[in-house]
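Here's the structure, in structure tokens; my notes come after.
Below, chain A is the first sequence line, B the second, and so on; all start at residue 1.
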Amino acid sequence: MTRRRLPEWLVLLLPAIIVIAAVVLIPLLFSLYSSFTPYKLTRPSTLWKWVGTYNYEKILSDAKFWAAFGRTVLFLTIVLNLELLLGLGIALMMNKVTWGQRTLRTILMFPMMFSPILVGFQFKFIFNDNIGLVNNVLQSMGFNAALPWLVDGKLAMFSIMFAEIWMSTSVFAILILAGLFAMPRDPLEAAKVDGCTPWQSFRHITLPFLMPFIYIAMTIRSLDVARAYDIVQIMTGGGPARRTELLWTLMSRTGYVDARMGLANAMGYVSIILSILFTVYFFRKLSAARAELGMAG
Amino acid sequence: MQKSIIFRGLMACSALVAASESVLAADWGDHAGVTVEAKLIGGQQYEGLYGRIAEWEAATGASVSIISKKSHFEIDKEIKSDMAAGTTDWCVGSNHSSFAPQYEGLYVDLNDLVPSDVVAGFVAGNIGASTVGGELLMLPRAQFDVSVLYYLKSNYEDAEKAAAFKSEYGYDLAVPDTWEQVKDQAIFFADPPNFYGTQYAGKDEAIVGRFYEMVVAEGGNYLDENNKPIFNSDAGQRALQWFVDLYTAKAVPAGTTSYVWDDLGQGFASGTVALNLDWPGWAGFFNDPESSKAAGNVGVAVQPMGSVTRTGWSGHHGFSVTSDCANKEAAASLVMFLTSEESQLAESAGGSLPTRSAVWEANVAAAKSGDDAFRAEALAAFAEGAEYAFAVPPIPEWGETTNIVFPELQAAIVGDKTVKEALDDAAEAVDELMRESGYY
């Protein structure tokens, strides 16, 4: 009697399948299941009580959740665009530097080396209304008021965006710089011979060539920013009065402080839609940009 | 201040001598070979007590393994994760009267393990606040918290200020006895951004606790007997209006809505805040020249009154024994040791407030006969303040209600909503939570 053997391809893939199932698939299915229960961390028995779509209905009709959702989209849009503009500017300038460029590139990456929590503390101090650096500088210049940087709705969002942009603009700059290094010189030289202005060269040659790099950076950063938590939690905790509440500060409070993990997981699944939409959008743009350059879609 | 340090040192030494003598005499049981695993709150003010654990180990033959030491908020998250994972076979946990009701089934009823004469030695109110659903879930340690009013004395020694105040408000400038007077004086003293009349905790449970005690002081309550929210009553609206008025008048720092205890303590210690309702743990810090610019200028008075009574939101730390502990007798022995009269004498010598009646009396008598006037003044204020103390509602949902309520309080303070809108919205959300939790 011959023993039935698993096909070789399956045997070879099995370790990877087991690892992925253990660390990704099972937790994912478990959290998906728990989003249909009233699971509270402090009452483990609630994990086995099925409530159907109650958590999802609650979230979909919750104005606070949608306000946090909208705020996260706004935060994402502004931060990504500003990081792109600043990163592009920095990369173009760096590309012109002929001496000490390596040192500059290293310095450029410094902010990325800090833990987001430390960046949060740093900017919380800088923007403190009473003892903060910014207000003290303003007061020493004769501006006799304490601006509530972390309290006023617009100023607080600005402060958080400032911290996020300070920390991560270099991701864009480095990726775009890599694109500039990889760019062939011939089209630019041909454009120069044909009498193109620097703006025309940038608009019609440099930028289209950089677009795939920009969309890769956008995809990576959109996933990062969509789950912004550390900096926001440290600087404002989502407050005051939910003025800076983003999806992840709301979810973490619901899941870990209120211990309502079932509801928090449901929020997580709804908010994943946001990440998927941004990712699909940027991948489509990436394919289009590559097709324009004659690369495979 | 030097005298204060010497006095405290002497008190601590005498308490420790008494404690060590007593340890030899006390019978903590024979638990030879037992290892008690403990999760304890960490922090400078809590560490002194843990130094005494070696004495309990020597007396019982058991050993203590501290497997986690974190802030209460971190310990809370860890314990919730333990409950979810079912890893609750450690034995002794730090607990707090505000947190205790959340941990359903985690801790044993200590009435079954601790003799009733031991329980009778504690202040009845503290035992009441440690009891949830008829079960004594923790024994209180000498970390009782109720707030009193700290103030800068110099503001009341200036004749010009006194005259200006009287002409503006029509009554004499004196240390305030009501919250209305606090408001008047805070607005009068404020000179932003250099000096503020007062300050308050502005987020998380901290602001809800402050609001809660103001509601009670105004004659209202947070929840009714069925745990239905009633804080949006007239009393609640008057209470919240007080916070709003101070913020609008710029009598508090603009960032106060992001402040919690450390920010407030550092603020008063910077000498730029006139009046500050705060906890007992800060007394020594505020009057220590090395940590505080206000040192030597600090007065302590009983907490002011609302229109009905004085405020008194209180809480206390304690120790609990888990239901899954393999040797509950040894764990209960350790808990009794850590909350014993000797331990409380030693711990409260550092300035914290005891939860045993005999230790209260000993501390007040020692302060009166000593030469540290500030310590005596502070203790007298806290002793009087403790009479008005009340704990938060003993329900698991307390913490969750605070997370619902605090953003609404902030919304009213910063002007996003009217007081009524904010409280009605908060009450509606808390009402939904209570219905979901099956209270009515």
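- A:Arg43 CZ to B:Tyr103 OH: the interatomic distance, rounded to the nearest 0.5 Å, is 14.0 Å.
- No more than 12 heavy atoms of other residues, nucleotides or ligands shown are found within 6.0 angstrom of OH on A:Tyr281.
- For B:Lys250, the NZ atom counts as loosely surrounded, since its 6.0 Å shell holds 12 or fewer non-hydrogen atoms of other residues, nucleotides or ligands.
- When the shell of 6.0 Å around CZ of A:Phe121 is examined, it contains 12 or fewer heavy atoms from other residues, nucleotides or ligands.
- Heavy atoms closer than 4.5 Å to chain A are found nowhere in B:Ile207, neither backbone nor side chain.
- The neighbour count for A:Tyr256 OH, taken as heavy atoms of other residues, nucleotides or ligands under 6.0 Å away, does not exceed 12.
- The most heavy-atom pairs under 4.5 Å with chain B, out of A:Ala241, A:Gly237, A:Ala259, come from A:Ala241.
- Only the side chain of A:Tyr54 comes within less than 4.5 Å of a heavy atom of chain B; its backbone N, CA, C and O stay farther away.
- Comparing B:Gly255, B:Ala411, B:Gly202 by how many heavy-atom pairs each has under 4.5 Å with chain A, the most go to B:Gly255.
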Let me see the working for B:Glu400 and A:Arg253 under salt bridge (Lys or Arg N to Asp or Glu O under 4.0 Å), right down to the final yes or no.
-> CA-CA 9 Å; B:Glu400 205 171 335; A:Arg253 192 176 306 117; over 6 Å; no
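- To the nearest 0.5 Å, atom CG of residue A:Asp258 and atom CD of residue B:Gln102 are 9.0 Å apart.
- Within a 6.0 Å radius of CE in A:Met113, other residues, nucleotides and ligands contribute more than 12 heavy atoms.
- With a 4.5 angstrom heavy-atom cutoff, A:Asp129 touches chain B only via side-chain atoms.
- Heavy-atom pairs under 4.5 Å with chain A peak, among B:Glu436, B:Lys417, B:Glu432, at B:Glu436.
- Ionic pairing of A:Arg260 and B:Glu397 is not present here: no N-O contact between side-chain nitrogen and carboxylate oxygen is shorter than 4.0 angstrom.
- Between A:Pro44 and B:Met83, the closest heavy-atom pair is CG-O, 3.1 Å.
- The shortest side-chain heavy-atom distance between A:Met261 and B:Lys80 does not fall under the 4.5 Å cut-off.
- The candidate with the highest count of non-hydrogen atom pairs below 4.5 Å against chain A, out of B:Thr257, B:Leu106, B:Asp204, B:Asp82, is B:Thr257.
- B:Lys293 NZ: 12 or fewer foreign heavy atoms inside a 6.0 Å radius.
- Look at B:Asp416 and A:Arg243 and you find a salt bridge, because one of the NZ, NE, NH1 or NH2 atoms lies within 4.0 Å of a carboxylate O, short of that distance.
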Any chance you could lay out the side chain to side chain contact (heavy atoms under 4.5 Å, CB included) test for B:Tyr247 and A:Val151, step after step, and finish with the verdict?
-> CA-CA 12 Å; B:Tyr247 190 84; A:Val151 174; 3.3 Å; yes
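- For the pair A:Lys40 and B:Glu104, the salt-bridge criterion is not met [side-chain N within less than 4.0 Å of a carboxylate O].
- Proximity to chain A (any heavy atom under 4.5 Å) is shown, for B:Ala422, by neither the backbone nor the side chain.
- Considering NZ of A:Lys124 and OG of B:Ser258, their distance stands at 6.5 Å, rounded to 0.5 Å.
- For A:Gln139, the part sitting under 4.5 Å from any heavy atom of chain B is the side chain, from C-beta outward, and nothing else.
- Heavy-atom distances place the backbone of B:Ile404, and not its side chain, under 4.5 Å from chain A.
- Between atom CG of residue A:Leu41 and atom CD1 of residue B:Ile79 there is a gap of 12.5 Å, rounded to the nearest 0.5 Å.
- The environment of CD in B:Glu428 is sparse: at most 12 heavy-atom neighbours from other residues, nucleotides or ligands sit within 6.0 Å.
- Remark: A:Trp248 CH2 is loosely packed, at most 12 non-hydrogen atoms of other residues, nucleotides or ligands lying under 6.0 Å away.
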